[in-house]
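In what follows, a structure is listed as structure tokens, so that the remarks can point back to it.
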Amino acid sequence: MTTRTNKDVEVLKAKLVQEAAIAEARRNLEYQARAKIYAESEPLVLKLAESADYAASRIVGLSDPRRWPALQATVDSSSGWMLSRSSEVIATAHALLEPLALLILLREKTNFVELAFERRLSEIYALARGAYNAHLDDYAIAEIPPAKTYDPVVPGWRQKRVENPATYWWQGITRGRLDPAIEVCINREANRAATVDEFESRYLDLFNRPDDSRHKSLGLFCNPIYNFRPEDRPIFWRILLCQLLIYRRIAKRSRVPGEVAMSAALDFDHEDIDQLRRSNAIGDGLFESSISAAVDYTNRILVRNE
């Protein structure tokens with residue numbers, strides 16, 4: 001019995017030593033992950049929060065009809081994919097691309113193991129990824145009740161989209177075109193998002209180079225911005241309102257410690273709703289249906305990411 005007891009004690013000691021070693025290894029891994037997050041990812045989170053707030057403000061500003069004339073296409077669609085070199089188009093495109101560029105840079109700085117140790121960063125990453133995916137989900141967003149008739153890939157689309165842009169003008173983009181467009185907004189030499197001036201220079205350069213594949217990618221990203229009016233781009237308007245919800249939450253979440261939980265549901269700020277209504281340029285039906293669709297879509301993606 002004494003021999004058996006001694007063996008049991010030794011087995012228990014070995015097990016405790018092993019468990020202690022595993023716990024220590026996990027603590028070291030978590031410490032290293034958090035140190036890396038604070039050193040490399042946190043500056044990007046700060047920039048993403050600022051960029052998200054600015055993008056949200058630009059989206060709200062697009063409800064003002066005084067901005068729409070500056071978004072008009074000045075080039076015939078048959079001559080290339082980039083239809084305007086307006087400074088308003090360029091500034092709008094930069095505002096919408098910059099948060100996505102920061103998402104790409106953040107993705108390159110972190111991994112899922114590190115995200116598991118930092119709840120706040122994980123939530124911000126999931127939200128930013130939702131803003132990215134919204135551009136790809138144009139068909140799904142169109143089908144959210146009340147569903148919109150949307151059929152941009154049809155024979156004779158160039159003429160049809162002029163006659164009925166709400167239905168036939170393509171208001172989303174494919175991943176194969178979205179990623180190259182985002183790259184235009186990244187300064188790889190400095191490993192940061194491109195400044196407004198850098199982006200404008202690249203945009204104007206690509207505007208004159210229709211044979212460059214990035215010309216088409218950037219043109220397709222800007223495609224729903226050209227000739228923008230919410231009633232002519234109802235699906236894109238829904239996408240923008242989805243991003244408005246997401247970007248406001250990113251900005252808020254970045255300022256709240258990770259141990260503090262936030263409401264799982266997204267909803268619009270009263271100030272944003274008031275400003276969106278202020279212009280009286282968007283009909284009540286379109287306004288209400290777009291708001292409802294945006295809330296529906298964003299809360300669906302949050303559920304998927306939990």
Side-chain angles (χ1 to χ4, degrees), residues 58-59 61-97 134-144 146-178 180-181 184 203-204 206-243 276 279-287 289-290 293-294:
R58 293 287 304 195
I59 290 168
L62 285 173
S63 66
D64 187 341
R66 292 174 294 182
R67 291 186 179 271
W68 302 344
L71 302 176
Q72 291 298 303
T74 56
V75 176
D76 184 82
S77 60
S78 62
S79 62
W81 294 97
M82 298 176 69
L83 306 183
S84 172
R85 51 189 297 159
S86 156
S87 59
E88 186 69 15
V89 167
I90 295 172
T92 300
H94 179 267
L96 297 179
L97 281 168
H135 284 290
L136 311 176
D137 284 348
D138 48 324
Y139 284 95
I141 289 173
E143 292 174 357
I144 296 174
K148 294 286 185 182
T149 303
Y150 179 59
D151 193 15
V153 185
V154 292
W157 60 268
R158 288 187 184 275
Q159 183 60 33
K160 288 183 176 181
R161 74 176 189 169
V162 173
E163 298 168 353
N164 185 357
T167 298
Y168 296 111
W169 197 286
W170 194 16
Q171 298 165 55
I173 193 171
T174 63
R175 187 183 300 273
R177 292 298 178 182
L178 178 56
V184 178
Y203 183 102
L204 294 174
L206 290 172
F207 185 87
N208 296 315
R209 296 166 61 189
D211 294 334
D212 191 316
S213 63
R214 294 173 299 168
H215 172 101
K216 184 174 182 179
S217 294
L218 189 55
L220 286 172
F221 180 84
C222 295
N223 185 51
I225 300 173
Y226 300 134
N227 299 334
F228 174 82
R229 292 193 312 162
E231 65 186 75
D232 290 337
R233 305 285 185 275
I235 313 309
F236 185 58
W237 183 235
R238 286 184 175 192
I239 291 171
L240 291 177
L241 292 183
C242 291
Q243 293 181 331
L276 288 169
S279 67
N280 293 319
I282 305 173
D284 289 341
L286 177 60
F287 186 89
S289 65
S290 302

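What you see below is based on every heavy atom in this structure, not just the backbone, and it leaves out hydrogens, waters and symmetry mates.
- To the nearest 0.5 angstrom, T74 atom OG1 is 8.5 Å from R85 atom CZ.
- The side-chain contact (heavy atoms from CB on, under 4.5 Å) test applied to A294 returns L241, C242, L245, F268, not counting sequence neighbours.
- A donor-acceptor pair under 3.5 Å is formed between the side chain of Q171 and the backbone N or O of I235.
- Scanning all heavy atoms of the two residues, the minimum distance from V154 to Y168 falls at CG2-CD2, 3.8 Å.
- Considering only heavy atoms from C-beta on, V153 comes within 4.5 Å of Y139 through its side chain.
- In this model, a donor atom of one side chain and an acceptor atom of the other lie less than 3.5 Å apart for T92 and R58.
- The side chain to side chain donor-acceptor pair (under 3.5 Å) check on H94 picks up nothing, with sequence neighbours excluded.
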query: Stepwise, does the side-chain contact (heavy atoms from CB on, under 4.5 Å) test hold for L97 with V184?
result: CA-CA 9 Å; L97 281 168; V184 178; 5.7 Å; no
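- By the 4.5 Å heavy-atom criterion applied to side chains, I239 and D137 are not counted as neighbours.
- Atom CH2 of residue W237 and atom CD1 of residue I282 lie 4.5 Å apart, to the nearest 0.5 angstrom.
- Note that CH2 of W157 is 13.5 Å distant from CG of D151, once rounded to the nearest 0.5 Å.
- Between the CZ atom in F207 and the CD1 atom in I90 there is a gap of 9.0 Å [rounded to 0.5 Å].
- Atom-to-atom distance recorded for E143:CD and D138:CG is 10.0 Å, nearest 0.5 angstrom.
- Of the possible donor and acceptor atoms, one in the side chain of R238 sits under 3.5 Å from a partner among the backbone N and O of I141.
- Contact between G172 and Y150 at its shortest, heavy atoms only, is N-OH, 3.6 Å.
- Separating the CG atom in L62 from the CZ atom in R233 is a distance of 12.0 Å, to the nearest 0.5 Å.
- Partners of D232 by side chain to side chain donor-acceptor pair (under 3.5 Å), not counting sequence neighbours, listed by chain and number: R229.
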When the side chains of residues 217-228 are checked against the rest of the protein, which donor-acceptor pairs come out under 3.5 Å, sequence neighbours left out?
residue, atom, partner, partner atom, Å
S217, OG, R177, NH1, 3.2
N223, OD1, R161, NH1, 3.2
N223, OD1, W169, NE1, 3.3
N223, ND2, W170, O, 2.9
Y226, OH, L83, N, 3.4
Y226, OH, Y203, OH, 2.8
N227, OD1, A73, N, 2.7

message: Please evaluate residues L286 and K148 with respect to the criterion side-chain contact (heavy atoms from CB on, under 4.5 Å), reporting the C-alpha separation (whole Å), side-chain torsions for both, the decisive distance (0.1 Å), and the verdict.
response: CA-CA 10 Å; L286 177 60; K148 294 286 185 182; 4.2 Å; yes
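- With sequence neighbours excluded, the residues forming a side chain to side chain donor-acceptor pair (under 3.5 Å) with R209 are D205, D212, listed by chain and number.
- Here the closest heavy-atom approach between residue W68 and residue S63 is recorded as CZ2-O, 3.8 Å.
- Pairing each heavy atom of D64 with each of R66, the nearest pair is OD2-NH2, 2.7 Å.
- The main-chain N or O of A70 is found under 3.5 Å from a side-chain atom of S86 such that the two form a donor-acceptor pair.
- N208 is linked by a side chain to side chain donor-acceptor pair (under 3.5 Å) to nothing, counting only residues two or more places apart in sequence or in another chain.
- A donor-acceptor pair is defined here as one N or O able to donate and one able to accept, closer than 3.5 Å; no such pair exists between the side chain of S289 and the backbone of P146.
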